[in-house]
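Order of the sequence lines fixes the chain letters, A, B, ..., with proteins taken first and strands second; residue numbering starts at 1 for each chain. Predicted model only: the values in this text are computed from it and were never measured.
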2 protein chains.
Amino acid sequence: MKRVTSIDVARLAGVSQSTVSRAFTPGASISETARRKVLQAAAQLGYKPSAIARSLSTQHTNIIGIVMGRITSPFHPYVLEKFIQALQAAGRQSLLFSTPPDQEVDDLLELVLQYRVDGLVITSATISSEMADECIRHGAPVVLFNRYVLGSSVNAVCTDNVEAGRLVANLLLDAGHKRIAFIEGKANASTNLDRRKGFLDRLRERGHLSCIIEPGDYTYEAGFEAARRLLERKDRPDAIFCASDIEAFGAMDAARYACGLSVPEDVSIIGFDDLPAAAWPSYNLTTIRTPVNRMIRATLDLLFRRLEEPDAPPEMILIPGALIKRESARLPDEYVSPPADEPMAAGVEVW
Amino acid sequence: MKRVTSIDVARLAGVSQSTVSRAFTPGASISETARRKVLQAAAQLGYKPSAIARSLSTQHTNIIGIVMGRITSPFHPYVLEKFIQALQAAGRQSLLFSTPPDQEVDDLLELVLQYRVDGLVITSATISSEMADECIRHGAPVVLFNRYVLGSSVNAVCTDNVEAGRLVANLLLDAGHKRIAFIEGKANASTNLDRRKGFLDRLRERGHLSCIIEPGDYTYEAGFEAARRLLERKDRPDAIFCASDIEAFGAMDAARYACGLSVPEDVSIIGFDDLPAAAWPSYNLTTIRTPVNRMIRATLDLLFRRLEEPDAPPEMILIPGALIKRESARLPDEYVSPPADEPMAAGVEVW
DNA sequence: AAAATGGTTGCATACGTATGCAACCGTGAT
DNA sequence: ATCACGGTTGCATACGTATGCAACCATTTT
């Protein structure tokens, strides 16, 4: 099973290897007749140029590395699909990595860099500024998606989680809720931390000092159990802000099926993300929509700009979320949300 | 920004380039002292071996191509995550492609092969035997996941959709349902076709000739609308088999919130897949569990065997699904399902 | 002491493509 | 007819690593 190379094609077409190469290089200096001869010979032999050899020669691979924490987390598949298809459309390939529970991102980076990726998108995982610099030094600019590094030494695109947390605090207080609780996401995820911080800060600023905090981990089960614990207390909360929709679903099911309560009559529940299921009548969840599409666009835009100019100073782009008002929470009527991003949907054009 | 190569390291360490190469090749013939010298020099220079150059030299890339129809389809993210992590653990990388709505798999294959992948997993998309042979000829064995090619000329791992369809037919008839309907998945997906075929064939074999078929496309919205149409008929069905869980969720919501019916008192609903949400109390869906974990294991196993022996005759592996009995359907008590695969969960070890 | 053995090392080359450079060709201008 | 010029082509080399082969060394065997 001998591999067919450009030399074989050249021989058959009666030209030099250079000419074969040029026939496959758009914009190269080659006559139409030569190109036709070459392409015909190539087809006859079943020749496909080797991207590996080309990469070695040109010093770039056209490969973008994507490092994703957990692919199964809500809306990550959506992000991944949009990324991949946009990159494909831009003539680039995606080398995908997922950090297993026990592994650090830094170990993976070693591998990623060995494959000489042209650039790198890291989703829902952080890297140190030093590692980012190391990537730059190896010629691969990095953009963080949904994470950022304080001091802004790394390119990053992120939801404004703090501001969104503050918004929810305002809304719940404005609607007259008295006993307010928060169900956390994964303990030290920056998204969770920021949402909590904005929420608690704003509550405190408005003189509401007691907020019960239940631990969670961005799963349905955690939301269910946390809500059950909350709703079985004697000082049962009348409003629960969940750090994610998926936990909010668990919380609603706990309220209804484990505690026999009504939502929002007995307790208001607010989520975060606006997953497609949030619109299903079973939940009809009031939630903060993460501006995924805008984030994806911003990330690709930033990445492509950095591919051109790797040494430009890092940018950090913060995009606001927006409230999507449905039926799971009592909220003031007068509030109107600023225009939200499009919802997650197959047809959305990101690039 | 000069790239640091093995030659630079060799110079600093006072050895030959070959020795540097060997220091990074497990099992190569090199003394402990030399290896240490090299590794130290490499660390000092920030050297990382180039996987590209290595690939060119060794004639294999350690890259597996993964072609996935829609990443956002139910349980695909799960499959992808398991694949990626298992491949990573086996020291291989994943080049991921997703077929956009308008593109054919065959065009993508061209690209995939240019990157000289060592092997190829294709999920929820089919390729012709000719293309599979072409891949083999280029040194990349192919395994289809969740699809197969008739005539069994391509390696494939698949749920036994026909048999599962027959099972559901039996169960619904045994429970005494009279007006039975089927909500389809994506029109010409083989999974949809096979489920329908098994279901209808078995109904017919048992003398039940009338089954209303509503079109669908594997989405919540389609399930919702299809069920609404069904349930507004004067000869309202008393049982609906949905080609997927996600459609079943839509169907249940339509029954409850659009038609004011009770499930399963007024209508039995059965799904397919056993998504995590099927176990949530809001749905509590009776469904056929797709044996994803077994399928993933079988696929990886088959792939790894073919990487060793690319020319072995193709295998087609069919894995049975199992009924997961919950509360959305009236079914005979006596039926006990054979042992099911583990449910989809983060902790499941696939490799 | 000589020879055989096994472990290390370096040399030279292969892997497949891209591209700078010089050579070449034909065309139109002078 | 000569020259300049732009478009094509081939030659030669670079890209960074792996590896067969021969040379080398230290150790053990005879």
*Verify the distance criterion only: is there a donor paired with an acceptor across the side chains of B:N293 and B:Y78 at less than 3.5 Å?*
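On atom types as modelled, these side chains qualify, holding a pair under 3.5 Å.
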A quick test of your reading: do over 12 heavy atoms of other residues, nucleotides or ligands sit less than 6.0 Å from [atom1] of [X]?
X	atom1	result
A:K186	NZ	no
A:E104	CD	no
A:Q59	CD	yes

*asked:* Just to be sure I understand the rule, does B:A34 reach a base, reach only the sugar-phosphate, or reach nothing, if contact means heavy atoms closer than 4.0 Å?
replied: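 Sugar-phosphate contact only.
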*With a 4.0 Å cut-off on heavy atoms, is B:S31 in touch with a base, just the backbone sugar-phosphate, or nothing at all?*
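It contacts sugar-phosphate atoms only.
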_What does the B/S/- profile of nucleotides 11-21 of chain D look like, 5' to 3', with a 4.0 Å heavy-atom cutoff to protein?_
BB--BBBBBB-
*List the atom of A:L144, the atom of A:I127, and the distance in Å for their closest heavy-atom pair.*
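So the two residues come closest at CD2-CG1, 4.3 Å.
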